[in-house]
Each structure stands twice: as structure tokens, then as C-alpha cells.
Amino acid sequence: MAAPPQDAGRRPREGGPGLWLRLWEHLRAQVRSRAVLVVVLAAFIGVCAGAAATAMSLGTQLMHEVLFRLSPGERLSASAALVSPWLVLVPAAGGLLMGFGTLALKRWRPHAIVDPIEANALHGGRMSLTDSIILSLQTMVSNGFGASLGLEAGYSQIGGGIGSRFGRVFGLRRNDMRILVGAGAAAGLGAAFDAPLMGAFYGFELIIGVYSIPAAVPVLTATMCGVLTARGLGLHADSLAITHLPVAEPSQFVPFAVLGLVAAGVAIAIMRLVTAVEWTVARSRLPAPLRTGLAGLAVGCLALYSPQVLSDGHGALHAQVDSAVTWSVAAIFALKVLASALSVGSGFRGGLFFASLFLGAVMGKLYAAAAELLLPGLGLAPQLAAVAGMGALAVGVIGGPLTMSFLVLEMTGDLTLTGLVVSAAAVTSLTVRETFGYSFSTWRLHLRGESIRGAQDVGWVRDLTVAAMMRTDMRTFPEDGTMGALRAAFPLGTARVVVLVDAAGGYAGIVRLSEAHAPRFVPDAPVREVARHGDAMLLPGMNVKEAALAFERAGAEELPVVGDPGSRRLVGLLSESHVLRSYAERLDMARRGLGAED
């Protein structure tokens with residue numbers, strides 16, 4: 001008798017790829033089902049976003065020091081003057097680099113880059129990390145070569161891209177994906193400014209679109225982790241020190257509310273100017289490298305008057321907010337607006353977040369000086385007006401009144417300013433919303449044909465299409481048939497409606513069986529006599545709102561779905577009641593924060 005093999009009776013050895021795969025799937029399931037693990041994931045995203053923001057900030061500062069011959073730690077926009085007139089060519093070189101890089105990218109990745117606002121509004125939090133890295137590098141090049149833009153778009157983009165990537169890796173639901181995108185963007189921006197409250201409310205107001213309890217803990221956790229990471233890596237944000245800051249009197253709240261109105265008008269004018277520059281540049285027929293190259297040269301020439309027009313204006317803000325009001329302030333304001341419009345409109349990458357803070361401070365000082373000329377004795381302190389103008393103009397351009405109010409509070413460390421800033425920001429926000437309707441980010445999306453006005457999740461409306469709702473088991477009948485044949489084929493009770501088709505399978509009308517069985521029709525009567533809605537059709541790609549409008553226009557309870565209007569090839573049938581029920585169910589899910597499974 002043969003001896004049994006040595007491993008007889010032993011359990012199969014566990015391990016290898018199968019074990020790791022099961023462990024990974026178990027971990028993914030746990031993260032999807034447990035809110036505390038989503039918070040842990042948000043913390044890790046915050047660390048990554050804080051590290052990325054630190055690398056971007058330190059990298060561009062090094063570029064400024066090398067390209068513009070600055071001393072270590074010296075801010076470009078705080079320089080008294082360019083050390084050499086030849087440095088006007090640096091932004092031009094950056095423009096050429098951006099232009100050639102854009103041409104190369106169009107061959108490799110021709111699609112538009114989705115930003116966090118668009119991702120959360122239309123795509124359920126899905127955005128490309130590769131695209132986010134590309135955009136962040138482009139903002140570094142633009143800012144590093146002196147274009148009049150900030151890095152804030154890059155901070156938000158890379159943070160949101162990291163959040164989206166981790167959400168997809170763990171297969172999270174739509175709502176959790178949106179929260180992680182907001183958490184990553186909040187962490188990146190909060191880390192760059194060393195402002196956790198500002199970063200968190202940036203995530204709530206601008207990226208997620210609403211403050212909610214489920215989003216609060218992940219966003220706050222990610223932002224704090226991002227800020228602490230940046231501090232640990234040596235990123236330092238200077239506080240906005242203001243000497244001899246006077247106390248705001250209650251009687252001054254009305255003049256500061258008027259400042260909010262002025263800020264709204266200036267914000268709208270800046271956005272319109274950027275659009276006009278983009279329109280002009282697009283119709284110039286110049287190659288892309290020449291567009292950005294010439295714009296960069298123009299920005300460099302403006303910097304001959306004052307380097308405060310360069311970059312985002314961090315150093316210039318600290319120099320301006322506590323200085324006296326002179327005629328040069330008005331010139332710097334005008335040149336900075338022009339430089340920013342040229343930079344954005346020609347194709348440089350970056351944002352107007354910090355530029356709007358700098359412009360708001362200068363605008364506030366000019367407002368205080370003008371008020372003193374018109375109403376002597378009013379006593380508006382230029383420093384107070386500068387701080388209130390910062391928040392107001394930034395709200396008009398970027399949006400997010402609480403975001404900007406917290407940023408000013410964290411930059412100044414002065415609680416007494418909060419009331420002034422909130423008052424001016426609230427007036428600006430309401431005025432811009434009522435008269436213009438868009439922030440800078442959503443205005444640019446509007447120009448691309450998108451109808452969104454914020455990051456509120458409307459993507460599910462587009463995802464809920466006629467193709468997803470229609471039924472394909474509809475009853476059909478030839479359009480040249482008779483009433484008797486129809487009654488024989490479809491007795492009462494077998495269906496509500498029958499769809500008529502021609503010889504090629506094209507749609508020819510809808511017949512209600514209850515009407516077809518009416519005694520007033522003789523059996524030999526053609527069935528087309530009772531056909532309805534012969535010209536009303538749905539297309540598979542229509543979303544739920546478009547379908548509901550089609551039913552309303554046609555006054556129909558059921559409509560056919562055709563492949564295309566030309567052939568009228570029948571592919572399905574949809575009822576109005578099903579459309580309305582599907583819309584109500586998805587709307588309720590969206591309100592309760594229950595995203596559909598990916």
C-alpha cells in the first residue's frame with residue numbers, strides 16, 4: 001500500500017495575490033461603510049495636499065529669486081524696482097514657455113481640464129489627478145515667471161485631484177467623492193495661507209456648495225492636517241500687521257456697506273475686462289506662444305513702473321495696507337487690473353484669489369481718500385477701508401463671503417474687524433449675485449456653455465437620461481393596419497398604448513387602446529385615424545429635465561424614444577409619470593446626501 005503524501009491532511013496554504021486582493025476588498029468595503037474611516041482618509045488627503053501646496057509655494061519663491069535676482073525670502077511684488085530693465089523679458093519668456101507647452105498638451109491631452117467646482121457640480125467629484133498636476137505646474141510656471149496671477153487655482157486643483165483619486169481608489173459613493181474633493185481643495189488652500197478656517201469654508205462654500213454636518217468633520221480634519229503639514233515642512237505665511245489700527249465706530253458701517261457696493265461694481269468690471277481680453281486675443285489669430293509671450297512682455301513693461309503688478313501680490317499687500325494714500329496708489333491699482341486681465345486672458349494659468357485681495361486693499365484706501373474729499377470729517381481710516389475692501393472685492397470676484405471674512409480675520413488676527421468685513425462682503429455678494437450672477441470661476445464655465453452657478457450637485461440631472469429611464473418592451477403595430485386588426489392583436493387590458501411604426505421601423509404615432517376599442521370606430525377604419533403625437537419624440541441622450549419639458553410641450557402621457565429625428569427609428573417608450581417619479585427620487589437622494597453607486 002502506497003504511503004500517503006507528506007502534505008495529506010494539511011489545510012491549503014493561504015497567501016499570495018488572492019489573500020491581498022481579499023484584504024484590499026475588505027478595506028474598501030470598510031471605508032465605504034464607516035464614516036470614521038472616511039475621516040481618516042480625509043486626514044491623509046490633507047497631509048498630501050499640504051505637502052503639495054508647500055512644494056508649489058517654495059518652488060515658485062525659488063523661481064522668483066533666481067529669475068528676478070531677489071534676495072532669499074524677498075517677495076517679488078514687494079521689490080522697490082526691477083534690478084535691471086532687461087527683466088521685463090522674464091514674463092515674456094514665461095509666456096512663450098506656456099504657449100509652446102499648451103500646444104504640446106493639446107496633442108497629448110486635448111480635453112479641457114476639469115476643476116474642483118465643475119467636478120463636484122457635474123461629475124460627482126471625478127477629476128483627473130494627472131490633469132491636476134499639469135495645471136498646478138502651469139500655475140507655477142505662470143507665477144514663477146512673474147505673470148500677474150496667484151497659485152490658488154493650483155493649490156485647489158492639486159488638493160481636489162488628490163481627494164478625487166483616493167475616492168476612486170476606494171470606490172466611494174458620489175456624495176463621499178464630492179466631500180473628499182472639497183476636503184482636498186480646502187486643505188491645499190488652507191495650507192498655503194496658514195488659514196484653517198478660511199480653507200475649510202472655501203471647501204464648504206465654493207467646492208462642495210453647501211455646509212453640511214456629514215461634510216464638516218472630513219473637511220475640517222483635512223484642512224487642519226494640511227495646515228500642520230505645511231507648517232512642519234517650513235511654509236510660513238506672514239500675518240498682516242497693521243500699526244495704529246483705529247476702532248471702527250458703529251456710524252461707519254453704512255459707509256463700509258457702500259464700499260461693498262463699489263466692490264461689486266469693480267468685481268464685475270474686472271470679470272468683464274478679462275472676458276474682453278480673452279475675446280480679443282482669441283480673434284487676433286496669433287499663434288498661442290505669441291499670445292502669451294506678448295502679454296508677458298506687456299506685464300513686464302508695466303512692472304517698470306512698479307513690481308507690485310507682478311505675481312500674486314503677497315508682498316505688495318503687506319506694503320500697501322498700512323501705507324499712506326498717494327496718487328501712485330491709483331496708478332498701481334489700474335496697472336494691476338490690466339496686468340491680471342492680460343495674464344488670464346492671454347492663456348497664463350492661475351487665479352485671481354490673492355490678486356483680488358491686493359486690489360481690494362488698494363480699492364479700499366482709494367475709497368477712504370475719496371470719501372474724505374467728498375465728505376470732510378467722515379473719518380474713514382484708510383487701514384480699515386483697506387481691510388474691508390480686501391474681503392469685499394475678493395467676495396465679488398471669487399465668491400464665498402464667509403471664506404473671505406475668515407481669511408481676513410486669520411491674516412490680521414483682529415476680531416474687531418470682523419463686523420466691517422462681513423458687512424461689506426455681504427453687500428458685495430448680494431449685489432454681484434443679483435446683477436451678474438457668477439463668480440470668476442463659474443463665469444468662465446458659463447462662457448464655455450455650462451449653466452452652473454456653483455458647486456451644488458446638478459450632475460445627476462445630466463446622468464439621469466432618457467436612455468436610462470425608457471422601457472424597450474413596448475407594443476408596436478403597423479401604421480397602415482386597420483382598427484379591427486389592432487383590436488384583435490391587443491385586447492383591452494393588455495397595454496395602455498400601442499406605438500405605430502412604418503415599414504422601416506420608424507415612429508408614426510401613439511394609439512391609446514381605450515380609444516381604439518371605442519364603438520364609434522368601424523373595424524375597417526385605418527388605425528392612423530386615432531394616432532396621436534406623431535411629431536413629438538424623445539432622444540436617448542436627453543436628461544430628465546429636458547424630457548419633462550418635452551412631455552409638457554406635447555401634452556402627452558407617453559412618448560416614444562427614437563434613435564435620431566431623421567430616421568425616427570423606434571428604440572423605446574417612456575411615460576411622464578416615470579420621468580417625474582425618477583426625478584423626485586433622485587432629488588430626494590441628493591438632498592439627503594445619498595449619492596448613487598459608482
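- One distance of note links CE of M140 with CD1 of I158; it measures 10.5 Å at 0.5 Å rounding.
- Nearest approach of A267 to L393, heavy atoms of both residues: N-CD1, 3.7 Å.
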- Task: Test V561 against T472 for side chain to side chain contact (heavy atoms under 4.5 Å, CB included), laying out the working first.
- Result: CA-CA 9 Å; V561 183; T472 57; over 6 Å; no

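- When the options I113, L137, V344, I134 are evaluated for a side chain to side chain contact (heavy atoms under 4.5 Å, CB included) with R349, the one that passes is I113.
- Pairing each heavy atom of A200 with each of L220, the nearest pair is CB-CD2, 3.5 Å.
- Side-chain atoms of S142 come within 3.5 Å of backbone atoms of Q138 as a donor-acceptor pair (strictly under, hydrogens ignored).
- Ring orientation note: the planes of F201 and F204 are nearly perpendicular, at an angle over 60° on the 30°/60° scale.
- Partner M404 forms a side chain to side chain contact (heavy atoms under 4.5 Å, CB included) with one of V397, T428, V422, V395 and no other, that one being V395.
- T403 and E205 share a side-chain donor-acceptor pair at under 3.5 Å.
- Note on ring orientation: taking the six-membered ring where Trp is involved, the planes of Y155 and F193 are perpendicular (angle over 60°, cut-offs 30° and 60°).
- In terms of heavy-atom proximity, A355 sits nearest to S340 at CB-OG, 4.2 Å.
- Using a cut-off of 4.0 Å between Lys/Arg side-chain N and Asp/Glu carboxylate O, D564 and R569 are scored as not salt-bridged.
- Residues L172 and L41 form a side-chain contact, since some pair of their non-hydrogen atoms from C-beta on lies under 4.5 Å apart.
- Between the side chain of S429 and the backbone N or O of A426, no donor-acceptor pair lies under 3.5 Å.
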- Message: Working note: R34 + L37, criterion side chain to side chain contact (heavy atoms under 4.5 Å, CB included); need CA distance, chi angles, decisive distance, verdict.
- Response: CA-CA 6 Å; R34 301 188 63 184; L37 294 181; 4.2 Å; yes

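- Between A43 and T221, the closest heavy-atom pair is CB-CG2, 3.7 Å.
- Interatomic distance, OH of Y507 versus OG1 of T476, reported as 13.0 Å (0.5 Å rounding).
- The residues R22 and E25 are annotated as not salt-bridged, no charged nitrogen and carboxylate oxygen being separated by less than 4.0 angstrom.
- Proximity of V530 to R512: side-chain heavy atoms (C-beta onward) are nowhere separated by under 4.5 Å.
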- Could you go through the side chain to side chain contact (heavy atoms under 4.5 Å, CB included) check for E557 and V497 one step at a time? CA-CA 10 Å; E557 295 181 3; V497 297; over 6 Å; no

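- Shown here for V511 and A516, the closest heavy-atom pair between the two residues is CG1-CB, 3.9 Å.
- Within the 4.5 Å cutoff, no side-chain heavy atoms of L538 are placed close to those of P560.
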- Message: What verdict does the side chain to side chain donor-acceptor pair (under 3.5 Å) test give for Q157 and S136, after you've listed the backbone C-alpha separation in whole Å, the side-chain angles of each residue and the deciding distance to 0.1 Å?
- Response: CA-CA 7 Å; Q157 184 78 29; S136 298; over 6 Å; no

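- Note: H111 NE2 to S128 OG = 5.5 Å, rounded to the nearest 0.5 Å.
- Considering only heavy atoms from C-beta on, S164 comes within 4.5 Å of M177 through its side chain.
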- Task: For the pair R165 and V169, evaluate side chain to side chain contact (heavy atoms under 4.5 Å, CB included) and give the outcome as yes or no after the intermediate values.
- Result: CA-CA 6 Å; R165 171 58 63 88; V169 165; 4.0 Å; yes

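- Note that CZ of R496 is 10.0 Å distant from CG of L573, once rounded to the nearest 0.5 Å.
- Minimum heavy-atom separation, I510 to E558: CD1-O, 3.4 Å.
- Contact annotation: the side chain of S356 approaches that of I398 to within less than 4.5 Å [non-hydrogen atoms, C-beta and beyond].
- A distance of 13.5 Å separates CZ of R553 from NE2 of H533, quoted to the nearest 0.5 Å.
- Here the side chains of V181 and R178 are not in contact, with every heavy-atom distance at 4.5 Å or above.
- Counting heavy atoms from C-beta on, the side chains of D115 and E118 come closer than 4.5 Å.
- Rounding to the nearest 0.5 Å places CG of L189 at 8.5 Å from CD1 of I207.
- Remark: the backbone N or O of A153 is not paired with any side-chain donor or acceptor of S156 at under 3.5 angstrom.
- Taking the side chain as every heavy atom from C-beta outward, T465 and M542 never approach each other to under 4.5 Å.
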